[in-house]
Amino acid sequence: DAGITQSPRHKVTETGTPVTLRCHQTENHRYMYWYRQDPGHGLRLIHYSYGVKDTDKGEVSDGYSVSRSKTEDFLLTLESATSSQTSVYFCAISVGTGDSPLHFGNGTRLTVT
Amino acid sequence: GENVEQHPSTLSVQEGDSAVIKCTYSDSASNYFPWYKQELGKGPQLIIDIRSNVGEKKDQRIAVTLNKTAKHFSLHITETQPEDSAVYFCAAEAGGGADGLTFGKGTHLIIQP
């Protein structure tokens, strides 16, 4: 799994509560990404980071925020979870930009009730 | 931004036969095209990739072809085996920056015994 750990692996939460998902890497890669995976939609980019404290929005960033205070950790926060955010969330890392392969963690399954 | 279309969404083949999955992309500036295999409960794993200066690449039973003029690329799996059953995703460089890859919606490959 390319030295990527996502936590928790599963979480059930209620609508309106804040949720933070963590991605930890041991590869010292500069680039980190958060994707969500939904049936019929494939993988869609939420946010990405190109260095410590350097982040940017992806295709489906509304309702999500991220932080990266250390090279190895990239946090995804749902400030007030909604049922539409029920999904499987994947973290990925890369040595380079869009012309480099992504290496994925095993995902976090989040259910918002 | 980049848009990637993938077909078919489901493909069922007899064990030992070949399987072909096709993708088209929209951004002629994209130069990197990876393929991922995702097994149940796991993150996508890179299986092969191709860059725009190459028309075909092979790795044992899998091969990828790229037609830059037509903006399409394909994954070919020969002599399929039960362990090839999985969901396969194609992807393309998202836009030349740090925003990673744009993915197709996936193909569920089923190998019939």
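Reckoned from all heavy atoms, side chains included, excluding hydrogens, waters and symmetry mates. Order of the sequence lines fixes the chain letters, A, B, ..., with proteins taken first and strands second; residue numbering starts at 1 for each chain.
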Using links of under 4.5 Å between side-chain heavy atoms of ILVMFWY residues, direct or through other members, which residues join B:V64 in one cluster?
-> B:V4, B:L11, B:V13, B:I21, B:Y25, B:F33, B:W35, B:I47, B:I48, B:I50, B:V54, B:I62, B:L66, B:F73, B:L75, B:I77, B:Y88, B:L109, B:I111
Mind checking what makes salt bridge (charged side-chain N to carboxylate O under 4.0 Å, His left out) contact with A:R30, not counting sequence neighbours?
-> none
Region of [X] that comes under 4.5 Å of a non-hydrogen atom in chain A:
X	value
B:L101	both
B:P34	neither
B:Q6	neither

Heavy-atom neighbours of A:R44 CZ exceed 12 at 6.0 Å | yes
Region of A:L45 in contact with chain B, defined by heavy-atom distances below 4.5 Å = side chain
Where does A:E59 contact chain B at under 4.5 Å (heavy atoms): side chain, backbone, both or neither?
-> neither
A:Y89 and its side chain to side chain donor-acceptor pair (under 3.5 Å) partner, picked from A:W34, A:Y35, A:Y64 | A:Y64
Could you tell me the separation between the CD atom of A:E79 and the OG1 atom of A:T17, rounded to the nearest 0.5 Å?
-> 11.5 Å
Does one hydrophobic cluster hold both A:V112 and A:V60, with members joined at side-chain heavy-atom distances below 4.5 Å?
-> yes
Choice from A:S100, A:S94, A:A92 maximising heavy atom contacts with chain B below 4.5 Å = A:S100
If you tally heavy-atom pairs under 4.5 Å against chain B, which of A:G107, A:P39, A:G42, A:P101 wins?
-> A:P101
